[in-house]
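Basis for what follows: all heavy atoms, side chains included, without hydrogens, waters or symmetry-related copies. Residue numbers run from 1 in the order of the sequence given.
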Amino acid sequence: MADPWRYSADGISIALRVTPRGGRDDIDGIETLSDGRPVVKVRVRAIAEGGEANRAVTDLLAKVLGVRKRDVRVLSGTTSRQKQVAVDGAPRKLGELLRSITAAKPAKSSEQDPT
């Protein structure tokens with residue numbers, strides 16, 4: 001499975017699927033969408049109003065990746081559950097951290113089992 005993040009000179013860009021009002025702030029692993037794209041599953045306690053869930057996502061990523069909050073920003077999907085988020089920092093280090101965080105969680109597919 002391909003990683004749901006891409007490397008750049010300034011850091012990484014991460015494809016996310018966010019669940020607002022998810023009961024806790026956490027990264028739930030990697031999920032494969034029905035179109036085959038991998039995403040990092042993130043849940044936050046915040047509601048999806050007034051940008052609260054987006055702020056909770058950027059705060060969570062900054063905390064788990066050990067970067068400043070200002071180094072995490074939503075690139076696209078501000079009003080959607082699917083988002084693209086940029087994290088500034090050492091790309092390889094950030095990728096390794098994400099790999100270790102998501103490896104501890106089982107990968108899931110959002111496709112329905114036809115049986």
Side-chain angles (χ1 to χ4, degrees):
M1 175 192 308
D3 291 329
W5 54 86
R6 292 180 299 183
Y7 298 95
S8 72
D10 299 326
I12 58 173
S13 174
I14 312 166
L16 302 177
R17 183 174 189 291
V18 178
T19 303
R21 291 178 28 183
R24 67 183 190 277
D25 294 346
D26 200 8
I27 295 177
D28 287 340
I30 296 175
E31 175 181 55
T32 303
L33 300 177
S34 59
D35 63 4
R37 289 182 299 135
V39 292
V40 175
K41 285 181 58 176
V42 176
R43 66 173 59 212
V44 292
R45 290 185 296 251
I47 60 172
E49 269 184 32
E52 289 183 42
N54 288 334
R55 272 191 298 283
V57 167
T58 57
D59 290 352
L60 172 65
L61 289 174
K63 180 180 175 183
V64 300
L65 295 175
V67 298
R68 298 171 298 199
K69 291 179 185 179
R70 70 179 185 201
D71 290 335
V72 182
R73 64 194 178 286
V74 178
L75 297 174
S76 64
T78 55
T79 60
S80 171
R81 287 180 181 237
Q82 293 183 29
K83 303 182 184 306
Q84 196 72 32
V85 176
V87 181
D88 293 338
R92 294 290 165 207
K93 178 183 173 196
L94 293 170
E96 289 170 10
L97 276 168
L98 266 175
R99 188 168 286 110
S100 67
I101 291 165
T102 57
K105 318 275 179 151
K108 296 190 178 175
S109 174
S110 64
E111 295 180 35
Q112 297 294 325
D113 184 7
T115 56

side-chain hydrogen bond (donor to acceptor under 3.5 Å, both in side chains) involving D88 - partner list, sequence neighbours excluded: R73
Exercise: identify the closest heavy-atom pair between L94 and G11: CD1-CA, 4.3 Å
Sidechain-backbone polar pair: K83 side chain, L16 backbone, donor-acceptor under 3.5 Å: no
Residues which pass side-chain contact (heavy atoms from CB on, under 4.5 Å) with D59, listed by chain and number, not counting sequence neighbours: K69
Residues in side-chain hydrogen bond (donor to acceptor under 3.5 Å, both in side chains) contact with T58, at least two apart in sequence or another chain: none
Residues forming a side-chain hydrogen bond (donor to acceptor under 3.5 Å, both in side chains) with R43, sequence neighbours excluded: D28
W5 side, atom CH2; L98 side, atom CG - distance, nearest 0.5 Å: 5.0 Å
For R68, salt bridge (charged side-chain N to carboxylate O under 4.0 Å, His left out) partners two or more places apart: D71
Partner residues of R55 under the salt bridge (charged side-chain N to carboxylate O under 4.0 Å, His left out) criterion, sequence neighbours left out: none
Listed partners of Q84 passing side-chain hydrogen bond (donor to acceptor under 3.5 Å, both in side chains), at least two apart: S13
Results of salt bridge (charged side-chain N to carboxylate O under 4.0 Å, His left out) for R6 - residues two or more places apart only: none
Identified side chain to side chain contact (heavy atoms under 4.5 Å, CB included) counterpart of V72 within the set L60, I14, V57, V85: V85
Closest non-hydrogen atom pair between A46 and A56, with its separation: CB-CB, 3.9 Å
Single-linkage hydrophobic cluster L65~Y7, side-chain heavy atoms < 4.5 angstrom: yes
All salt bridge (charged side-chain N to carboxylate O under 4.0 Å, His left out) counterparts of R21, not counting sequence neighbours: none
With T78 via side-chain contact (heavy atoms from CB on, under 4.5 Å) - residues at least two apart: N54, V74
Considering all heavy atoms, the nearest A53-P20 contact: CB-CB, 4.1 Å
Set of residues satisfying side-chain contact (heavy atoms from CB on, under 4.5 Å) with respect to R37, sequence neighbours excluded: L33, D35, Q82
All side-chain contact (heavy atoms from CB on, under 4.5 Å) counterparts of K93, not counting sequence neighbours: A90, L97
Contact summary for D25 and R45, nearest pair of heavy atoms: OD1-N, 2.7 Å
Distance-minimising heavy-atom pair for P4 and V40: CG-CG2, 3.5 Å
Hydrophobic cluster membership, V18 vs L75, 4.5 Å side-chain cutoff: no
